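See below for the structure under consideration.
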Amino acid sequence: DGGITQSPKYLFRKEGQNVTLSCEQNLNHDAMYWYRQDPGQGLRLIYYSQIVNDFQKGDIAEGYSVSREKKESFPLTVTSAQKNPTAFYLCASSVSNSPLHFGNGTRLTVT
Amino acid sequence: EDQVTQSPEALRLQEGESSSLNCSYTVSGLRGLFWYRQDPGKGPEFLFTLYSAGEEKEKERLKATLTKKESFLHITAPKPEDSATYLCAGGSGGYQKVTFGTGTKLQVIP
């Protein structure tokens with residue numbers, strides 16, 4: 001079955017530590033995205049990538065980094081510079097102007 | 001700045017009690033209005049894309065409609081399994097430009 005796999009489902013980290021969230025897709029989609037979801041707010045775009053080895057900042061990129069070494073993979077690193085990292089992180093993919101297809105998210109808690 | 005506003009924030013319905021969710025948008029150069037369903041702890045699941053005013057799409061008990069300023073998600077005779085948060089989003093410009101609303105949390109009581 002084609003889809004997007006995010007791992008882990010839950011992640012706990014201490015303040016000051018970097019953490020990497022995994023996102024893998026087997027839909028053969030060119031574009032991949034990272035969104036952050038907080039209670040009472042719409043999904044906000046962190047980073048997106050339209051092709052391998054290229055990515056652009058979204059609306060809230062500060063404190064985050066990404067890489068796109070393979071078409072199937074788009075990991076997100078939450079660095080210690082992110083002021084408020086506790087959130088639900090969603091990875092998505094799409095082709096051209098098609099709707100976004102989402103994974104099931106990673107809930108990150110930083111204490 | 002593009003904006004998508006959903007109302008109400010939460011809606012509680014008896015099973016079989018039909019209603020509508022509202023999505024008001026100001027999105028420059030709208031290329032598509034999207035509806036998603038999100039269950040707790042999961043990612044959004046795509047429901048519909050509407051491209052132009054007057055367009056309607058249906059899926060089981062759900063029907064989405066679009067005007068130049070609003071979209072409605074009509075739920076006919078809902079069942080408890082329709083309980084979820086429904087998200088509306090407007091796409092514009094490049095395909096990375098999608099503005100999401102904050103969602104309507106629907107609870108259907110047996």
Side-chain angles (χ1 to χ4, degrees), chain A residues 2-10 21 23 25 27 29-51 54-61 66 68 74 87-109, chain B residues 1-10 21-27 29-52 55 57 59 64 66 71 73 84-105:
Chain A
I4 298 179
T5 302
Q6 290 189 243
S7 60
K9 189 171 173 63
Y10 300 98
L21 282 59
C23 176
Q25 56 104 353
L27 299 165
H29 286 175
D30 290 316
M32 295 187 74
Y33 313 78
W34 276 103
Y35 283 88
R36 171 181 171 138
Q37 188 172 37
D38 295 284
Q41 295 197 48
L43 273 67
R44 292 181 290 167
L45 182 64
I46 304 172
Y47 267 98
Y48 66 97
S49 167
Q50 295 176 329
I51 54 171
D54 188 42
F55 46 83
Q56 283 77 43
K57 293 180 180 180
D59 300 319
I60 55 164
V66 293
R68 185 92 185 272
F74 192 40
F88 189 50
Y89 289 88
L90 287 160
C91 180
S93 69
S94 73
V95 286
S96 187
N97 279 325
S98 71
L100 297 168
H101 186 104
F102 287 90
N104 275 328
T106 291
R107 187 165 298 281
L108 173 64
T109 303
Chain B
E1 185 183 328
D2 294 343
Q3 203 163 357
V4 174
T5 304
Q6 292 188 247
S7 62
E9 284 186 21
L21 312 183
N22 176 264
C23 171
S24 298
Y25 66 91
T26 50
V27 174
L30 184 80
R31 61 173 170 81
L33 190 292
F34 309 104
W35 281 98
Y36 291 86
R37 170 194 169 124
Q38 186 175 23
D39 292 302
K42 300 218 169 158
E45 175 190 344
F46 171 72
L47 293 173
F48 305 109
T49 306
L50 302 165
Y51 294 101
S52 57
E55 189 174 0
K57 287 197 176 167
K59 181 180 180 180
L66 183 66
S71 180
L73 186 66
T85 296
Y86 290 86
L87 302 176
C88 172
S92 67
Y95 54 85
Q96 76 285 357
K97 186 87 172 88
V98 182
T99 302
F100 282 85
T102 53
T104 293
K105 185 173 182 180

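Note that this is a predicted model, so its numbers are computed, not measured. We name chains A, B, ... by the order of the sequence lines, and we start the count at 1 in each one.
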Could you tell me how the ring of B:Phe100 sits relative to the ring of B:Tyr36: parallel (under 30°), tilted (30 to 60°) or perpendicular (over 60°)?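 Answer is tilted, since the angle falls between 30° and 60°.
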
Within the side chain of B:Lys57, is there an N or O that forms a donor-acceptor pair under 3.5 Å with the backbone of B:Thr49?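 Yes, because the side chain of B:Lys57 sits within donor-acceptor range (under 3.5 Å) of the backbone of B:Thr49.
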
Just do the side-chain contact (heavy atoms from CB on, under 4.5 Å) check on A:Asp59 and A:Tyr47 with the steps written out, would you? CA-CA 8 Å; A:Asp59 300 319; A:Tyr47 267 98; over 6 Å; no

Where on B:Gln38 is there a heavy atom nearer than 4.5 Å to chain A: the side chain, the backbone, both, or neither?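 B:Gln38 touches chain A through side-chain heavy atoms alone.
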
When A:Pro99, A:Gly105, A:Gly103, A:Gly42 are compared by non-hydrogen pairs under 4.5 Å with chain B, the top option: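 If we count pairs closer than 4.5 Å to chain B, A:Pro99 comes out on top.
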
Which bit of A:Leu43 is near chain B, if near means a heavy-atom gap under 4.5 Å: side chain, backbone, both or neither?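 Backbone plus side chain of A:Leu43, per the 4.5 Å heavy-atom cut-off to chain B.
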
A:Arg107 charged N/C atom sitting above A:Phe88 aromatic ring, 6.0 Å / 45°: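 Because its charged atom sits under 6.0 Å from the ring centre and within 45° of the axis, A:Arg107 does stack over A:Phe88.
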
